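Take a look at the structure set out below.
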Amino acid sequence: MAYLDKALRFNPASPDFQENLHTVYHHMRTHQPVMRIGKTWVLTRYKDVYQALRERSFISSGIPEDLHAELEKRSLSLSPALRSLLYGIVLFEDGGVHREHRQALQALFSGDSWVALTDIISREANSLVAELNGVNTLDGIGQIAAPLWGKLFVAWLNLPEEQQEVVEQERNAIRLLLDPSAIDRQGLERLLKALSHLDKSFCRLAQAHRKGYDSLFYRSLLKGYGGNEETLSQRFSTDCVTMLIGGSETSEALSGNLLFMLAQHPELQERVKNNSLRMKDIVIETMRFESPLQMARRKVEAPVTLLGRQLSVGDNVLLCLGSANRDEHVFEEAWRFMPGRKNAQRQLGFGAGAHQCIGQLLAQYQAESLATALSDRGTITLEGEAIWSKKSLILRTLESLAIRIG
């Protein structure tokens, strides 16, 4: 019984937690749906998580503030340029500033810009799969899911070779912005260096665009900022970093998790081929069943009563999206993978409310295009063990996935 208690303890940093993830979530939803750990409140039921996601007293801007405080504690300085970049990332903004910024970014995923972007995604996905011609056994993460985002980002921004090298060099270091609790001093120093390097590189790219260089990304953003090149120049580096952080993590995780589910269910692939099921439905169910973003964090800005508890200013709220998506009171037979379920759109795989992931459509379409291109070559099956990554406390993503196409 002692071992069972340990296995059911909420501790995302523990191997026991990772190995028994959904068992722990089920236990918490049933017996302790609201848990307090120090100044952090942990929510696991769907209705509570959904309410918290829409609660205006909970803000996202606490993340850069905490990171800034951690830097000062370790005697590390944040230059004015990097402070502006960090606080300007739409993921960490709130209120009217966030709404205005988000509206501008929506131009990337609407109208002719979205049509052109989906063409790029399809082209890059098909090209990536074509490069594997003659290869039947492969790592679905290292050879498929992970490379696609890099290729797409390069094509979207029309990145010159110099900028490609900078992005490839620094993209891993800035991933910690999504999970700042995992950053030690060395990681903080590396993060500052990476942000500075990327900021300078993207600012040079913005200047090149103002002199006539062209990319779909810049043209689309210019529409979003109402044709104001001065505003876009000020925001360009921040928006590039925003897409680099959010896009690489969520897209890679969703694509890998989708391939994992398809490999376990060849019958679903057959249904897609005979048009009795859409690949899009499998993508959405994957977002519910193996949510790429398992947790979201908010900070309490004003005193609020939630579920009969009094939350104070400065308290943290940890929203377990992965648990909410397995809530039996919302999703019938939540433990089963059932693409096409009637209430599939209620899943919270990319959050909800004002801070719902702005690149959700981008991640979904990448995963769908990649899986479709692969399944067109043959049936995807497991060839070995799928290994879940332990690098992040908030992301549900695979380290490797041995699959066969045939």
Side-chain angles (χ1 to χ4, degrees), residues 1-70 73 91-92 94 176-184 291 293-331 334 347-356 390 392-396:
M1 181 60 70
Y3 173 77
L4 180 62
D5 291 341
K6 180 181 178 182
L8 293 177
R9 192 177 303 158
F10 181 80
N11 180 8
S14 166
D16 287 321
F17 177 83
Q18 297 296 336
E19 291 172 11
N20 300 281
L21 179 67
H22 294 296
T23 303
V24 175
Y25 282 155
H26 181 268
H27 178 81
M28 292 177 68
R29 287 194 304 272
T30 305
H31 301 287
Q32 201 170 11
V34 182
M35 174 187 292
R36 184 173 186 177
I37 304 174
K39 292 187 67 176
T40 298
W41 299 85
V42 183
L43 308 182
T44 52
R45 292 185 305 198
Y46 183 97
K47 65 177 183 179
D48 303 333
V49 170
Y50 184 77
Q51 179 183 346
L53 284 168
R54 305 184 72 86
E55 172 57 58
R56 294 185 179 181
S57 297
F58 298 161
I59 59 174
S60 293
S61 55
I63 294 176
E65 290 173 356
D66 288 349
L67 184 59
H68 193 187
E70 192 64 28
K73 186 190 305 181
L91 306 173
F92 306 143
D94 290 290
L176 288 170
L177 277 175
L178 285 178
D179 192 10
S181 62
I183 307 181
D184 55 17
S291 309
L293 185 61
Q294 284 288 308
M295 302 174 193
R297 181 183 158 204
R298 298 289 186 268
K299 176 159 283 193
V300 180
E301 183 182 38
V304 62
T305 299
L306 182 71
L307 307 173
R309 273 80 164 180
Q310 183 65 40
L311 279 62
S312 304
V313 174
D315 282 358
N316 294 308
V317 184
L318 192 61
L319 313 175
C320 297
L321 307 178
S323 174
N325 281 335
R326 294 286 192 105
D327 193 328
E328 302 85 350
H329 291 93
V330 177
F331 301 103
Q347 56 82 23
L348 302 175
F350 284 105
H355 280 278
Q356 186 175 39
K390 297 186 172 90
S392 173
L393 303 183
I394 67 170
L395 291 170
R396 178 75 165 166

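All figures in this text were calculated on a predicted structure; none of them were measured in a lab.
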Output the distance between atom [atom1] ([X]) and atom [atom2] ([Y]), rounded to the nearest 0.5 Å.
X      : Y      : atom1 : atom2 : result
Leu319 : Trp41  : CG    : CH2   : 13.5 Å
Arg396 : His22  : CZ    : NE2   : 5.0 Å
Met28  : Thr23  : CE    : OG1   : 13.0 Å
Met295 : Ser323 : CE    : OG    : 9.0 Å

Are [X] and [Y] close enough that some pair of their side-chain heavy atoms sits under 4.5 Å apart?
X      : Y      : answer
Arg297 : Asn316 : yes
Val304 : Glu55  : yes
Asp94  : His355 : yes

Which heavy atom in [X] sits nearest to a heavy atom in [Y], and how many Å separate them?
X      : Y      : value
Ala324 : Leu348 : CB-CD1, 4.0 Å
Gln18  : Pro12  : NE2-O, 2.9 Å
Ser60  : Leu91  : CB-O, 3.4 Å
Arg29  : Arg326 : NH2-O, 3.1 Å
Ala52  : Phe58  : O-CD1, 3.4 Å
Tyr25  : Gly322 : CE1-C, 3.9 Å

Using modelled atom types and a 3.5 Å cut-off, is there a donor and acceptor pairing between side-chain atoms of [X] and backbone atoms of [Y]?
X      : Y      : value
Asp48  : Leu43  : no
Ser291 : Leu293 : no
Asp327 : Arg45  : no

Should the heavy atoms of other residues, nucleotides or ligands under 6.0 Å from [atom1] of [X] be counted, would the total exceed 12?
X     : atom1 : result
His31 : NE2   : yes
Arg54 : CZ    : no
Tyr50 : OH    : no

Quiz item: Going through the distances and angles, do Leu53 and Arg298 end up as a side chain to side chain contact (heavy atoms under 4.5 Å, CB included)?
Solution: CA-CA 8 Å; Leu53 284 168; Arg298 298 289 186 268; 3.8 Å; yes

Quiz item: Should Thr44 and Phe10 be marked as a side chain to side chain contact (heavy atoms under 4.5 Å, CB included) after you check the CA-CA gap, both sets of side-chain angles, and the distance that decides it?
Solution: CA-CA 11 Å; Thr44 52; Phe10 181 80; 5.7 Å; no

Quiz prompt | No-hydrogen, no-angle side-chain donor-acceptor test under 3.5 Å, Thr305 and Gln310 | solution =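 Per modelled atom types, Thr305 and Gln310 side chains form a pair under 3.5 Å.
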
Quiz item: Hey, mind stepping through Val42 and Ile37 against side chain to side chain contact (heavy atoms under 4.5 Å, CB included) and telling me if it holds?
Solution: CA-CA 8 Å; Val42 183; Ile37 304 174; 4.2 Å; yes

Self-check item: Sequence neighbours excluded - salt bridge (Lys or Arg N to Asp or Glu O under 4.0 Å) pairs with any residue from residues 309-320
Solution: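 Residue pairs with at least one partner in residues 309-320: there are none.
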
Quiz item: When Gln294 is tested against each of Ile394, Leu395, Leu21, Leu321 for side chain to side chain contact (heavy atoms under 4.5 Å, CB included), which residue passes?
Solution: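 Of Ile394, Leu395, Leu21, Leu321, side chain to side chain contact (heavy atoms under 4.5 Å, CB included) with Gln294 is met by Leu21 alone.
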
